2 protein chains.
Amino acid sequence: MARRDRVGITDVAAKAGVSVTTVSHVLSSRRPVSEATRAKVMAVIEELDYRPNELARSMRARRTNTVGLVVPDITNPFYTSAARGLQDALAPAGYHCIVTSTDSDHQVEHEVIRQMLTRVDGVVISGGSRTADIQPVIDAGMPMVLLGTDEPGAGFDVVTNADFDAGVTAARYLVDRSYRRIGFITAQDADSVAQARLDGYRSVTESDPELVVEETNNLEGGTRGFARLMQLSEPPDAIICVNDVVAIGVMYGAQDARRAVPDEVAVVGFDDIEAASLVAPRLTTMATASREHGKAAGELLLRRIQDESREPQRVVFPAKLIERDSA
Amino acid sequence: MARRDRVGITDVAAKAGVSVTTVSHVLSSRRPVSEATRAKVMAVIEELDYRPNELARSMRARRTNTVGLVVPDITNPFYTSAARGLQDALAPAGYHCIVTSTDSDHQVEHEVIRQMLTRVDGVVISGGSRTADIQPVIDAGMPMVLLGTDEPGAGFDVVTNADFDAGVTAARYLVDRSYRRIGFITAQDADSVAQARLDGYRSVTESDPELVVEETNNLEGGTRGFARLMQLSEPPDAIICVNDVVAIGVMYGAQDARRAVPDEVAVVGFDDIEAASLVAPRLTTMATASREHGKAAGELLLRRIQDESREPQRVVFPAKLIERDSA
DNA sequence: TTGAAAGCGCTAACAG
DNA sequence: CTGTTAGCGCTTTCAA
């Protein structure tokens with residue numbers, strides 16, 4: 001089955017006995033067309049099943065109605081939700097979205113971004129890209145919003161998560177519920193997100209440095225971290241973990257050690273992954289509004305595309321405490 | 001910051017003192033260019049940081065190097081992985097991917113697909129779209145591959161999951177391990193995937209109809225289903241669940257009823273969601289090779305774009321048994 | 001080995 | 001109210 005030759009505006013014009021200009025205008029309503037003509041043209045459009053070629057339109061208008069989304073890995077739930085939120089914002093405006101995963105490879109990222117530049121009206125970039133990687137975007141004067149980064153390099157639209165505050169909220173929640181010694185399990189080579197969460201926690205507890213342990217960023221890390229914390233002369237009665245997987249690991253450690261959660265140790269995680277509500281006891285956690293992040297990024301980007309001289313804006317979403325059974 | 005006017009091929013030609021034709025040819029190597037000229041042109045390209053406008057290229061070549069992916073919801077892990085696999089296949093070929101979630105709204109789907117038609121070289125459609133919705137794609141002679149559908153409507157490239165076989169494998173695994181009475185919890189208003197899994201199970205057990213119960217497709221459904229199954233005069237010693245969430249629900253039911261998993265009741269799920277390896281005991285499940293699905297779809301699509309008269313092909317992936325602790 | 005010029009399908013001045 | 005025409009930035013005959 002060969003691709004059928006698309007019917008063009010010329011075909012419509014010919015068949016309707018009018019000029020292409022007129023056809024163009026019945027489509028765009030950018031200038032009056034007599035009712036008779038309009039009807040005739042519409043009939044022909046219908047009959048020929050004509051659809052304007054968006055490519056040609058884009059070329060003329062220098063507007064592609066498409067934006068690019070660059071993420072480390074679309075498979076990461078945070079980015080998945082964000083992508084969905086982005087589409088939520090884009091769809092009503094008739095915008096499409098090209099998604100690319102870079103696996104955090106700067107080379108790939110750089111290349112991908114350059115490739116996109118001529119095909120999109122703007123880009124959403126996430127995953128703490130280095131300034132060097134986004135330089136081409138800046139040079140091209142391409143509308144851009146940074147997602148989930150803490151890049152201080154102001155001058156751009158940014159939407160990000162209040163990770164420090166999330167750390168504060170988690171710690172305070174525990175304090176308010178009379179937990180006295182609160183431990184924290186963080187990840188080895190913590191990224192800025194993990195660091196901010198830890199800093200937030202530190203800001204509310206008079207932290208005994210012993211209470212903060214570094215572990216691998218997985219289930220086993222959590223279990224090990226729990227064991228280490230419990231060996232302290234004064235073990236904690238509550239543990240905050242840098243993310244839910246680690247937190248679940250902690251709960252298994254507790255289970256193995258016959259420590260009741262939350263009665264003997266409370267556990268709080270971050271992210272609200274699906275498993276958080278599926279484990280027993282269900283995990284109390286700080287949820288990131290990832291879909292909202294994406295949506296906000298989309299709205300910001302759309303506004304910037306419309307008005308490139310707008311003042312750069314910074315949107316920060318608070319994490320939301322999801323009270324469940326583990327604390 | 002106004003969008004800087006992109007430097008075009010004309011600018012390069014002018015600055016290099018050659019014709020645009022020549023510039024075009026040093027880029028495409030579609031005809032010989034003297035080494036001196038080529039060097040000069042390359043130098044100017046470098047200096048001006050010139051990048052050809054892909055839009056204009058696409059328009060001439062009638063090839064956009066972009067494909068569309070239409071899914072019900074990119075947030076569903078199956079589609080997320082598939083999207084990633086699709087990109088895996090596409091990236092080496094220099095193809096990009098426009099992703100759209102339709103929420104299974106036929107209206108949206110129809111509209112989205114029509115919109116895409118002039119912007120992409122092919123589409124991957126998933127989520128059991130009705131024939132009516134994909135009619136525009138067919139009419140346009142647009143290369144297409146159906147993902148995860150069982151649409152018998154042959155004539156298209158299809159990549160799908162061997163759900164029936166997965167049901168068989170799960171049941172047989174249990175039989176081989178000497179479980180005698182195997183129950184199955186399916187979902188109310190089961191879709192074709194659920195139905196195929198159930199059918200596969202039925203084909204290996206001499207099924208006592210009592211052993212198959214319908215429940216809501218969630219954690220509670222699993223727990224309830226477990227309770228119902230245990231009330232049987234001859235309760236099962238193993239339970240297969242239509243998906244992992246239901247299976248986890250079953251495990252909680254078992255826990256509440258003080259039935260040891262897998263010693264008293266074995267549990268097997270489908271999908272291998274993240275939580276499957278995070279719950280205790282870890283859930284044995286039939287994993288769908290979703291990323292491979294997407295990759296295969298991409299390869300099929302690229303081949304069809306190259307050769308539209310190729311014989312339609314059907315790629316079926318077997319589910320993979322992930323042995324863990326629950327069975 | 002190189003150029004001039006004709007479009008790809010559409011929109012928007014600029015005329016009637 | 002409608003039509004003619006000049007491009008958008010590129011590739012590709014056709015001609016030298």
Side-chain angles (χ1 to χ4, degrees), chain A residues 3-42 44-45 48-66 94 114-115 117-121 140, chain B residues 3-42 44-45 48-66 94 114-115 117-121 140:
Chain A
R3 175 139 16 153
R4 200 179 68 188
D5 268 346
R6 293 262 321 155
V7 4
I9 198 172
T10 324
D11 305 304
V12 176
K15 186 140 192 173
V18 300
S19 74
V20 294
T21 306
T22 299
V23 175
S24 175
H25 284 109
V26 350
L27 254 25
S28 68
S29 309
R30 292 179 73 69
R31 91 179 185 190
V33 176
S34 82
E35 195 39 58
T37 314
R38 139 168 281 111
K40 176 64 182 158
V41 169
M42 287 308 268
V44 174
I45 285 178
L48 263 37
D49 191 34
Y50 164 73
R51 293 247 94 185
N53 182 322
E54 294 297 336
L55 229 52
R57 279 190 162 171
S58 296
M59 182 153 164
R60 266 247 30 159
R62 284 127 160 281
R63 215 181 75 291
T64 61
N65 279 308
T66 304
R114 296 205 59 162
Q115 285 221 2
L117 253 29
T118 58
R119 318 183 72 88
V120 299
D121 296 340
Chain B
R3 176 140 16 155
R4 201 179 66 188
D5 268 346
R6 293 256 327 151
V7 6
I9 198 172
T10 323
D11 305 304
V12 176
K15 186 140 192 171
V18 299
S19 73
V20 294
T21 308
T22 299
V23 176
S24 174
H25 284 109
V26 350
L27 253 26
S28 68
S29 309
R30 292 179 73 70
R31 89 179 185 191
V33 176
S34 82
E35 194 39 58
T37 314
R38 138 167 283 111
K40 176 64 181 158
V41 170
M42 287 309 268
V44 174
I45 285 178
L48 264 37
D49 191 34
Y50 165 72
R51 293 246 94 185
N53 182 322
E54 294 296 335
L55 229 52
R57 278 190 163 172
S58 296
M59 180 152 164
R60 268 238 39 152
R62 283 126 164 278
R63 215 182 76 289
T64 61
N65 279 308
T66 304
R114 296 205 59 163
Q115 285 222 2
L117 253 28
T118 57
R119 315 181 75 80
V120 299
D121 296 340

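All figures in this text were calculated on a predicted structure; none of them were measured in a lab. Order of the sequence lines fixes the chain letters, A, B, ..., with proteins taken first and strands second; residue numbering starts at 1 for each chain.
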When rounded to the nearest 0.5 Å, the distance separating CG of A:L55 from CG of B:L55 is 5.0 Å

Atom CZ of A:R31 and atom C1' of C:dA15 are separated, to the nearest Å, by 10 Å

For D:dG3, does either OP1 or OP2 sit under 4.0 Å from a side-chain N or O belonging to A:T22? yes

Please tabulate, one pair per line, all N/O donor-acceptor pairs under 3.5 Å involving side-chain atoms of residues 10-21 of chain A, not counting sequence neighbours.
{"unit_1": "A:D11", "atom_1": "OD2", "unit_2": "A:G8", "atom_2": "N", "d": "2.6"}
{"unit_1": "A:K15", "atom_1": "NZ", "unit_2": "A:E47", "atom_2": "OE2", "d": "3.1"}
{"unit_1": "A:S19", "atom_1": "OG", "unit_2": "A:T21", "atom_2": "N", "d": "3.4"}
{"unit_1": "A:S19", "atom_1": "OG", "unit_2": "A:T22", "atom_2": "N", "d": "3.3"}
{"unit_1": "A:S19", "atom_1": "OG", "unit_2": "A:T22", "atom_2": "OG1", "d": "3.3"}

*Look at all strands and tell whether A:T37 reaches a base, only sugar-phosphate, or nothing, counting heavy atoms closer than 4.0 Å.*
sugar-phosphate

Taken in chain and number order and not counting sequence neighbours, the residues that satisfy side chain to side chain donor-acceptor pair (under 3.5 Å) with B:R114 are A:D49

Per-nt protein contacts along nucleotides 6-12 of chain C (heavy atom under 4.0 Å; B base, S backbone sugar-phosphate only, - none) come out as BBBBBBB

Quiz item: Side chains of A:T118 and B:R57: donor-acceptor distance under 3.5 Å anywhere?
Solution: no

(Q) Could you check whether any side-chain N or O of B:R119 sits under 3.5 Å from a backbone N or O of B:T66, counting only pairs where one atom can act as donor and the other as acceptor? (A) no

In whole angstroms, the gap separating P of D:dG9 from CG of A:L55 amounts to 14 Å

N/O donor-acceptor pair under 3.5 Å between B:R6 side chain and B:R51 backbone = yes

